[in-house]
Amino acid sequence: MNRMDAVFERLKQQNETALIPFLTVGDPDLETTLDIIDQLEAAGADIVELGVPYSDPLADGPVIQRASERALKGKVTIRSCMQVALAARERGSRLPFILFTYYNPVLQMGLDPFFEEVVAHGISGLIIPDLPIEEAAEIRQRARQADVHLIPLVAPTSHERIASIVKDATGFIYCVSSLGVTGERADFFAGIEDFLNTVKTYSNVPIAIGFGISSREQVARFSSICDGVVVGSAIVRQIESNIPLLEKQESREEGLLQIRKFVAQLKGTSDSA
Ligand SMILES: O=P(O)(O)OC[C@@H](O)[C@@H](O)c1c[nH]c2ccccc12
């Protein structure tokens with residue numbers, strides 16, 4: 001069983017919702033990303049989305065755009081992002097890792113080398129938000145052969161396309177909470193709960209919601225309907241604001257603790273005290 005499936009199985013037994021943080025790999029550097037992953041896991045994260053920094057992140061708001069720019073200064077590649085997953089596992093992490101990447105870095109690498117590396121580095125899932133429809137069948141086929149979940153994205157405007165998008169979905173279905181780009185929001189698409197319940201009528205695969213979620217209240221609001229909640233920009237902004245602490249040896253632990261506390265309060269674990 002794919003490591004991600006086991007997590008959803010366990011959480012379902014425990015009547016819990018998965019907390020799925022996103023972070024940009026290499027922001028501010030690869031070693032710090034590994035330390036942050038330790039903190040995310042300690043804070044109660046269940047699955048982590050490893051974002052491959054990209055020069056033209058068209059679906060991202062300013063927070064993740066800035067994180068990508070910082071990471072690209074450190075010459076982070078799609079391969080080094082996968083190496084982070086393996087290094088985290090070697091440090092004892094039990095998290096399933098999703099590789100989040102735009103399609104161009106995959107094309108640059110070549111599909112054969114890409115999927116060989118995905119398997120070699122123990123990646124559990126893929127999110128490729130700009131995957132062209134005409135390429136999706138081949139990528140899905142290769143992902144299935146590699147026992148990696150290609151996670152589909154559905155939006156409130158997907159309407160009649162929901163059925164075809166989620167057909168044969170595995171892992172989980174990524175339900176986008178709002179139109180536009182990533183970034184913290186005070187509210188979401190009107191009727192978002194109806195949209196989520198509609199998606200559930202098309203598939204028994206777990207559903208997770210993302211885009212704009214940044215508070216415990218928002219996580220709790222969606223936990224009763226969704227199997228997972230994705231939080232990206234709010235966590236990336238926590239990392240960004242703690243970079244001054246993270247970059248100095250004497251204050252690094254404090255910086256890591258701030259990030260851990262923020263994520264723990266999202267999950268609602270005692271560590272948030
Ligand atoms: O940042 P937010 O608003 O919390 O949304 C999650 C998002 O960061 C992550 O899942 C993601 C980052 N970039 C994306 C582009 C498209 C879809 C999803 C994403």
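Residue numbers count from 1 along this sequence. First listed ligand is number 1; within each ligand, the first listed atom is number 1.
- Under the rule for a ring-ring contact (aromatic ring centres under 6.0 Å, His included), the partners of Phe22 that lie at least two apart in sequence or sit in another chain are Phe100.
- For atom 12 (C) of ligand 1, the nearest non-hydrogen atom of the protein is Asp60 OD1, 3.5 Å.
- Looking at Arg66 and Asp27, no side-chain N of the basic residue comes within less than 4.0 Å of a carboxylate O on the acidic one, giving no salt bridge.
- The shortest contact between atom 4 (O) of ligand 1 and any protein heavy atom is with Gly232 N, 2.8 Å.
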Using the rule given for side-chain contact (heavy atoms from CB on, under 4.5 Å), can you reason through Met82 versus Phe114, listing the C-alpha separation, both sets of side-chain angles and the distance that settles it, and then say yes or no? CA-CA 10 Å; Met82 296 199 221; Phe114 173 74; 3.7 Å; yes

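- In this structure Phe8 satisfies the ring-ring contact (aromatic ring centres under 6.0 Å, His included) test together with Phe172, sequence neighbours excluded.
- With respect to atom 18 (C) of ligand 1, the closest heavy atom belonging to the protein is Phe211 CE1, 3.4 Å.
- For ligand 1, the polar-atom distance check finds no N/O of Pro129 at less than 3.5 Å from any of the ligand's N/O atoms.
- Between the Ser215 side chain and the Gln218 main chain, a donor and an acceptor come within less than 3.5 Å of each other.
- Counted within 6.0 Å of CZ on Arg94, heavy atoms from surrounding residues, nucleotides or ligands total 12 or fewer; the atom is thus considered open.
- Listed by atom number, the atoms of ligand 1 under 4.0 Å from Gly212 heavy atoms are 2 (P), 3 (O), 4 (O).
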What's the verdict on side-chain contact (heavy atoms from CB on, under 4.5 Å) for Glu240 and Val236, showing C-alpha distance, side-chain angles and the deciding distance? CA-CA 6 Å; Glu240 181 178 55; Val236 173; 5.5 Å; no

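- The protein heavy atom nearest to atom 9 (C) of ligand 1 is Glu49 OE1, 3.5 Å.
- Not a single heavy atom of Ala234 sits less than 4.0 Å from an atom of ligand 1.
- Considering backbone and side-chain atoms alike, Ser233 places an N or O below 3.5 Å from some N or O of ligand 1.
- Geometrically, ligand 1 and Gly183 share a nitrogen or oxygen pair separated by less than 3.5 Å.
- Protein heavy atom nearest atom 8 (O) of ligand 1, with residue, atom name and distance: Ile64 CD1, 3.2 Å.
- A donor-acceptor pair is defined here as one N or O able to donate and one able to accept, closer than 3.5 Å; such a pair exists between the side chain of Ser177 and the backbone of Phe211.
- Salt-bridge check for Arg91 with Asp38: passed, with a basic side-chain N closer than 4.0 Å to an acidic carboxylate O.
- The N/O atoms of Tyr174, backbone and side chain alike, include one that comes under 3.5 Å of an N/O atom in ligand 1.
- Between Tyr102 and ligand 1, no pair of N/O atoms sits closer than 3.5 Å.
- The protein heavy-atom contact nearest to atom 19 (C) of ligand 1 is Phe100 CE1, 3.5 Å.
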